[in-house]
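Count residues from 1 along the sequence.
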Amino acid sequence: DSALSDLILHVVDASDPWMIEKIKIVDETLDQIWAKQKKIYVFNKIDLLSTDQIQTVHEAMLKYDGVFLSTFTEKGIDDLKVRIQREIDA
């Protein structure tokens, strides 16, 4: 249950043109259920984007301080593990 977890991984499809709207909807829902704990935004599916697209998405999503990865190619998985550990230890 999201409201009881110590850490939330908010997984976002980085290739989705509606990702900003979907992030807002999920964040609003989490607020409504009082899920106020630490959150890591995980931008997945970067393997579907060009290098320029990844840079554009990264710049647009700076305020979320997210981790960018591809579960298909496993690029960025280690970054996510480090980030999770850092959040747990904080």
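Salt bridge status for Lys36 with Asp31: present, with a side-chain N to carboxylate O gap under 4.0 Å. Checked for salt-bridge contact, Asp65 and Arg83 meet the test: a charged N lies under 4.0 Å from a carboxylate O.
To the nearest 0.5 Å, atom CD of residue Gln85 and atom CG of residue Leu80 are 11.5 Å apart. Interatomic distance, Thr51 OG1 to Ile46 CD1, rounded to the nearest 0.5 Å: 9.5 Å. Taking NZ of Lys63 as the reference point, atom OH of Tyr41 lies at 8.5 Å (rounded to 0.5 Å). Put simply, CD1 on Ile88 and NZ on Lys38 are 8.5 Å apart, with the number rounded to the nearest 0.5 Å.
Ile20 and Ile25 fall into different hydrophobic clusters, defined by Ile, Leu, Val, Met, Phe, Trp and Tyr side-chain heavy atoms under 4.5 Å apart, directly or through other members. When the side chains of ILVMFWY residues are joined at heavy-atom separations under 4.5 Å, either directly or via intervening members, Ile77 and Val11 end up in a single hydrophobic cluster. When the side chains of ILVMFWY residues are joined at heavy-atom separations under 4.5 Å, either directly or via intervening members, Met61 and Val12 end up in a single hydrophobic cluster.
Taking the six-membered ring for Trp and thresholds of 30 and 60 degrees, His58 and Phe68 have ring planes more than 60 degrees apart, a perpendicular arrangement.
Side-chain contact check for Asp13 versus Met19: every heavy-atom pair is 4.5 Å or farther apart. Contact annotation: the side chain of Ile40 never approaches that of Ile8 to less than 4.5 Å [non-hydrogen atoms, C-beta and beyond]. Taking 4.5 Å as the limit, every side-chain heavy atom of Trp18 sits out of range of all side-chain heavy atoms of Ile23.
Remark: side-chain polar atoms of Gln37 are paired, donor with acceptor, to backbone N or O of Ser5 under 3.5 angstrom. In this structure a side-chain-to-backbone donor-acceptor pair under 3.5 Å is missing from Gln55 to Asp52.
Looking at every heavy atom in both residues, Phe43 comes nearest to Ala14 through CB-CB, 4.1 Å.
Other residues, nucleotides and ligands place more than 12 heavy atoms under 6.0 Å from the CG atom of Leu9.
No donor-acceptor contact under 3.5 angstrom links the side chains of Asp27 and Tyr64, judged on distance only.
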Give every donor-acceptor pair under 3.5 Å between a side-chain atom in residues 69-76 and any protein atom, sequence neighbours left out.
| unit_1 | atom_1 | unit_2 | atom_2 | d |
| --- | --- | --- | --- | --- |
| Ser70 | OG | Asp47 | OD1 | 2.7 |
| Ser70 | OG | Phe72 | N | 3.2 |
| Ser70 | OG | Thr73 | N | 3.0 |
| Ser70 | OG | Thr73 | OG1 | 3.2 |
| Thr73 | OG1 | Lys75 | N | 3.3 |

